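Report on one structure; see the data block that follows.
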Protein chains: 2
Amino acid sequence: MRIDGEHRRSVWLAEDGRTVLTFDQTRLPHALPVIALERLEDAAAAIAEMKIRGAPLIGAIAAYGVALAVRADPSDDALARACGLLAATRPTAVNLRWALERMRALLAPLPPARREERAYAEAAAICEEDVAINRAIGERGLPLIEAVARRKRPGEPVRILTHCNAGWLATVDWGTATAPVYLAHRKGIALHVWVDETRPRNQGAAITAFELGQEGVPHTVIADNAGGHLMRQGLVDLCIVGTDRVARNGDVANKIGTYLKALAAFDNAVPFYVALPSSTIDWRLSDGAGIPIEERSGEELALVTGRTADGRIETVRITPEGSACGNWAFDVTPARLVTALVTERGVCPASEAGLLSLFPEAAAA
Amino acid sequence: MRIDGEHRRSVWLAEDGRTVLTFDQTRLPHALPVIALERLEDAAAAIAEMKIRGAPLIGAIAAYGVALAVRADPSDDALARACGLLAATRPTAVNLRWALERMRALLAPLPPARREERAYAEAAAICEEDVAINRAIGERGLPLIEAVARRKRPGEPVRILTHCNAGWLATVDWGTATAPVYLAHRKGIALHVWVDETRPRNQGAAITAFELGQEGVPHTVIADNAGGHLMRQGLVDLCIVGTDRVARNGDVANKIGTYLKALAAFDNAVPFYVALPSSTIDWRLSDGAGIPIEERSGEELALVTGRTADGRIETVRITPEGSACGNWAFDVTPARLVTALVTERGVCPASEAGLLSLFPEAAAA
């Protein structure tokens, strides 16, 4: 997708073919510096500190983290240690474990001397597949937007609400929830996106709004509190969000607050779609109750970082010094509130039967 | 209630018996300076700029605003102008209109020379009534908390979620939603309050958390996104919020995001209570669809003010410069999602029949 009019991906290699380059997303929307990951520990820290985030991008960076590790030390011990370190960075996103398992299964049987080259090739393949999958999610989801557009008067926009960032900066390119939006915009369909601010880390206000602005998609940032009111007023045609893990029954873990928007959508008969690559499905989990919910530091809620009027980046405290802050990063939206799942193979009901209709090979899992 | 251990109200008179003193709440939780209102325009600005906020306190300050106006000019024209100016400051809170109508109806028939004294006396009476009413709301609501406490093991707290600030700083004293909480705490019932941050103006993080801390009530500030997750996890025993206007059928206008919490409470069979003085009931409105919803500047969402680590108050932007921000201040929670209304006369179903059972004199209205 575009930054300042230039096409970029969210992860690529330096000229040496080994150093991994990505963006530090923590300073958005005010800056998006490139950072170089030279060692396993750099990759693990980038994920843990959320310099990079988004389930698919976490998977891609984790794969490159394994490549960086075996480059430094191709031994069995180092490989096992790398996978363990990376797996411990974030508990909720299943793509992380999926990517690590794929790397480990490929590399472990190989002689150590062959591991570096194959690791880089496999990480690159994961990235290419992510781009292709997200493009496919876009094509599968596009008809959902086109169907609404056909009911509109000429020039009247399709109004889409999204939560957090499931955009191209959460993936290698295109995004998941945003892929149908970007394709619709490029096809000339009039759109307006309601961007949930997404407290406490403000990924909507900082990242999704930035992305949409760079692509020229009309949008308005709103408080997380506002979506229910907008739906009651008839100002939302559909919701579409990403996810960090989908259970076998269609329950969806996503950024904290997603469940509240799904409740409001259900109460107002607004379609609520969840876009995902199939690597986000955890076939081993029968329902969402088994998904671990990451608790992060309360400081993420208490402290807000932004830019002052004269251009300085400052961090300010908004809570009383003596008040505790709680910070659960995700919630689980029950499948009954999800209108449909949008995957790279098509759109299906949020249910085991729905998922198996698209992924019959998982029936035995 | 207490600030630094000392009992304070949120509005009082200076030694001259005419200057109105109140707190500028916009710098909470870091500072709570006293401001003096000497003229009508000071009172109107304090309301419009939300230096003071909360439906009952807005009513009290508006009454004193009329008193300040007739002190400067007791003519019919000045009285009418004062009521018009004050009524235009905030559209949603009905207490504002209720207080102005009460002042106008009292003062208009009087000879101008008698208006100043009567205006101050009536504004003081409105304040005293507010304190008594809120205390009564506390006593009526207390059994709802006591009933939960009886089901707990010794020392296990009753977990209460609240949104925005319906505390003593939103009233003259006690608060509405907080009155039962403060009474329960003083009775020694173990409590833990989940405080919704309440974006975009952060009244929960800044004001409710400050109040609870000053009173010694255990509490945790959470993102507005988190309440649904907490309820699904069984970590909320009851919700209680205030309101800016209740329609005749029990529909409730309150701070934006209240509707989302009510949906989550309903979905998880958590009781959802709304506390209000009867001056908040708009008997002329058959349902909530007629309640005007204030739209405020998007800058309230884009800009966050807080304190830096070295003690400076700074304002930072958290959205991209080119992104629009939408800011609806209230939403309407349909009566079907409200377990009960807690008024100064008792607890009733959120319905016309329920309200009329407590306020039969309104049947003719």
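Below, read A as the first sequence line, B as the second, and so on, with proteins coming before strands; counting in each chain starts at 1. None of the values given here were measured: they were computed from a predicted structure.
- The two residues B/Ala205 and A/Pro320 make their nearest non-hydrogen contact at O-CD, 3.0 Å.
- To the nearest 0.5 Å, the span separating CG on A/Asn225 from NE2 on B/His163 amounts to 4.0 Å.
- Of the residues considered (B/Asn202, B/Thr315, B/Thr308, B/Asp267), B/Asp267 shows the highest number of contacts with chain A, using heavy-atom pairs under 4.5 Å.
- Only the side chain of B/Glu321 comes within less than 4.5 Å of a heavy atom of chain A; its backbone N, CA, C and O stay farther away.
- Most heavy-atom pairs under 4.5 Å with chain A: of the set B/Ala289, B/Ala206, B/Pro29, this distinction falls to B/Pro29.
- When heavy atoms are compared at a cutoff of 4.5 Å, B/Leu303 does not approach chain A at all.
- Contact annotation: the side chain of A/Val316 never approaches that of B/His30 to less than 4.5 Å [non-hydrogen atoms, C-beta and beyond].
- Taking both residues in full, the closest heavy atoms of B/Glu197 and A/Ile318 are given as OE2-CD1, 3.2 Å, listed atom of the first, atom of the second, then distance.
- Ring geometry, B/Trp194 versus A/Trp328: the interplanar angle exceeds 60°, so the pair is classed perpendicular (tilted spans 30 to 60°).
- In terms of heavy-atom pairs under 4.5 angstrom with chain B, the leader among A/Arg336, A/Glu300, A/Gln233 is A/Arg336.
- Contacts of A/Arg27 with chain B are absent, with no heavy-atom separation under 4.5 Å from either backbone or side chain.
- Note: A/Ile293 leads A/Ile293, A/Thr305, A/Leu28 in heavy-atom pairs under 4.5 Å with chain B.
- Of all non-hydrogen atoms in B/Leu260 and A/Ala264, the two that sit nearest each other are CD2-CB, 3.6 Å.
- Between chain A and the options B/Gly213, B/Gly227, B/Gly306, the largest number of non-hydrogen pairs under 4.5 Å is found for B/Gly306.
- With a threshold of 4.5 angstrom between heavy atoms, B/Leu230 approaches chain A through side-chain atoms but not through N, CA, C or O.
- Heavy-atom pairs under 4.5 Å with chain A peak, among B/Asp331, B/Thr333, B/Leu263, B/Asn327, at B/Leu263.
- B/His219 and A/Ser323 make their closest contact through NE2-OG, 2.7 Å (heavy atoms, listed as atom of the first residue, atom of the second, distance).
- Neither the backbone nor the side chain of B/Thr258 comes within contact range of chain A; no heavy atom of the residue lies under 4.5 Å from a heavy atom of that chain.
- For a residue to count as touching a neighbouring chain, one of its non-hydrogen atoms must lie under 4.5 Å from one of that chain's; by this rule A/Arg307 touches chain B with backbone and side chain alike.
- Counting only distance, with no hydrogens or angles, the side chain of B/Arg199 and the backbone of A/Arg199 share no donor-acceptor pair below 3.5 Å.
- For the set B/Ala226, B/Ala329, B/Pro218, the count of heavy-atom pairs under 4.5 angstrom toward chain A peaks at B/Ala226.
- Using a 4.5 Å cut-off between heavy atoms, B/Phe266 does not touch chain A at all.
- Neither the backbone nor the side chain of B/Val195 has a heavy atom closer than 4.5 Å to any heavy atom of chain A.
- When B/Asp196, B/Val304, B/Leu301, B/Ile313 are compared by the number of non-hydrogen pairs under 4.5 Å with chain A, B/Leu301 comes out ahead.
- Nearest heavy-atom pair across B/Tyr259 and A/His229 is CD2-N, 4.3 Å.
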